[in-house]
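Shown next, in structure tokens, is the structure this report addresses.
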2 protein chains.
Amino acid sequence: KEVVVTGVTHDTNVAKVVLVGVPDRPGVAARIFGALAAERINVDMIVQTTKEEKSTDLLFTISRDDLARASQVVRKVAQELGAKDVLEDQTVAKVSIVGAGMMMNPGVAAAMFEALAECGINIQVISTSEIKVSCLIDESRVVEAVRAIHRRFLEDTLSPADEGQ
Amino acid sequence: KEVVVTGVTHDTNVAKVVLVGVPDRPGVAARIFGALAAERINVDMIVQTTKEEKSTDLLFTISRDDLARASQVVRKVAQELGAKDVLEDQTVAKVSIVGAGMMMNPGVAAAMFEALAECGINIQVISTSEIKVSCLIDESRVVEAVRAIHRRFLEDTLSPADEGQ
Ligand SMILES: C[C@@H](O)[C@H](N)C(=O)O
Ligand SMILES: C[C@@H](O)[C@H](N)C(=O)O
């Protein structure tokens with residue numbers, strides 16, 4: 001089978017912030033991320049789902065060094081918006097698989113999720129693009145996660161003869 | 001200022017599926033996407049946030065042609081998992097900005113959200129990578145959305161002399 005995953009990456013310098021129960025109406029995302037940009041805070045992942053309710057949750061990640069400043073910024077905006085809560089978490093790490101045209105292959109993301117499941121690692125956040133599947137997991141499991149994913153995708157390409165070495 | 005956004009893309013052949021209230025424990029994502037992969041259903045976006053509750057929502061997108069089959073697959077898994085609900089929506093479209101190193105620039109995502117906000121377009125789903133910010137919006141607004149985002153990012157590069165022509 002074609003090998004489509006060309007790399008496994010991870011990042012432990014990750015903090016997760018969730019604005020819980022923000023109004024789901026135009027202008028809310030613009031306001032939150034405009035405020036962060038005004039403070040020159042670099043945002044990595046932005047993840048939002050919707051349930052067709054009046055409010056939703058907005059999650060983003062930043063480096064841990066920026067958490068204190070980001071927290072201050074978003075808590076102010078969250079209060080103005082009438083958000084329900086702001087959650088912060090510095091115990092997460094990001095682990096990703098990368099590869100061109102990867103998401104054109106049914107089962108690539110599933111295989112990553114299975115590698116994590118087999119280790120009993122819970123997937124907290126998922127975000128994808130055509131060339132990358134990223135998951136946030138507990139930072140204490142990141143070494144194990146990278147190893148399992150690597151074994152699944154990048155070591156299957158060894159011929160049986162190599163495996164004895 | 002450096003132009004970092006090199007393109008605006010859109011896709012109207014998009015259907016959104018949300019598994020509402022799935023157990024947030026290892027193996028759940030693997031099972032859902034494993035089942036879809038077994039049917040050779042190509043998944044585009046996978047988006048999941050978390051609130052540190054016992055359950056969470058899992059959202060994914062597929063082409064509209066695959067919705068009937070995907071629906072059958074996930075409803076079965078959702079029932080086995082004891083999920084609260086399965087939502088389907090074929091009235092969404094995906095609009096994205098692409099550009100190398102884009103997310104290294106605070107404010108790029110915010111500018112896209114502002115362009116949509118100025119049109120009064122609600123952002124239903126957000127997912128990002130370093131080179132792409134994707135939003136799901138109502139399909140009836142997609143032409144307007146692309147035009148507004150294009151104007152924001154790709155037409156500012158005209159010199160004042162050009163604008164009269
Ligand atoms: C929640 C947020 O994304 C909102 N729907 C907006 O359009 O800005
Ligand atoms: C919800 C789902 O992502 C679950 N947390 C898992 O690890 O599979």
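Every chain is numbered from 1, with letters handed out A, B, ... down the list of sequences.
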Report task. Nearest 0.5 Å please: distance from the OG atom of S129(B) over to the CD1 atom of I46(A). Result -> 11.0 Å

Query raised in the report: If you look at every heavy atom in Q48(B) and Q124(A), which pair is closest and at what distance?
Result: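 Result for this residue pair: NE2-O, 3.1 Å.
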
Report summary line: For G120(B) and P26(A) the tightest heavy-atom approach is O-CG, 3.4 Å

Under 4.5 Å from a heavy atom of chain A, the part of [X] involved:
X	result
S127(B)	both
L58(B)	side chain
V47(B)	both
I131(B)	side chain
T49(B)	both
I41(B)	backbone
E118(B)	neither
A29(B)	both

Using non-hydrogen atoms and a 4.5 Å limit, figure out which bit of [X] sits close to chain B: side chain, backbone, both or neither.
X	result
I32(A)	neither
I121(A)	backbone
D89(A)	side chain
L36(A)	neither

Only pairs of heavy atoms separated by less than 4.5 Å count here; which of [options] has the most with chain B?
options	answer
V18(A), I123(A), L136(A)	I123(A)
V28(A), I126(A), D44(A)	I126(A)
R31(A), M45(A), R40(A)	R40(A)
T50(A), N122(A), D85(A)	N122(A)
T56(A), V125(A), L59(A), N42(A)	N42(A)

Query raised in the report: With a 4.5 Å heavy-atom cut-off, do T128(A) and V43(B) have their side chains touching?
Result: no

[X]-[Y] co-clustered via ILVMFWY side chain contacts under 4.5 Å:
X	Y	answer
I62(A)	V73(A)	yes
V20(B)	V77(B)	no
I149(B)	V14(B)	no
V142(A)	V98(A)	no
V92(B)	L87(B)	yes

Requested in this report: Heavy atoms only, distances under 4.5 angstrom: which of G107(B), P106(B), G27(B) has the most pairs with chain A? Name it, please.
Outcome: P106(B)

Query raised in the report: Of the listed residues (C135(B), A110(B), A109(B)), which shares the most heavy-atom pairs with chain A below a 4.5 Å separation?
Result: A110(B)

Around [X], counting heavy atoms of other residues, nucleotides and ligands shown, do more than 12 lie under 6.0 Å from its [atom1]?
X	atom1	value
E53(B)	CD	yes
R147(A)	CZ	no
Q72(B)	CD	no
E80(B)	CD	yes

Requested in this report: Please assess F33(A) against V133(B) for the test side-chain contact (heavy atoms from CB on, under 4.5 Å), listing each intermediate value before the final yes or no.
Outcome: CA-CA 13 Å; F33(A) 293 96; V133(B) 179; over 6 Å; no

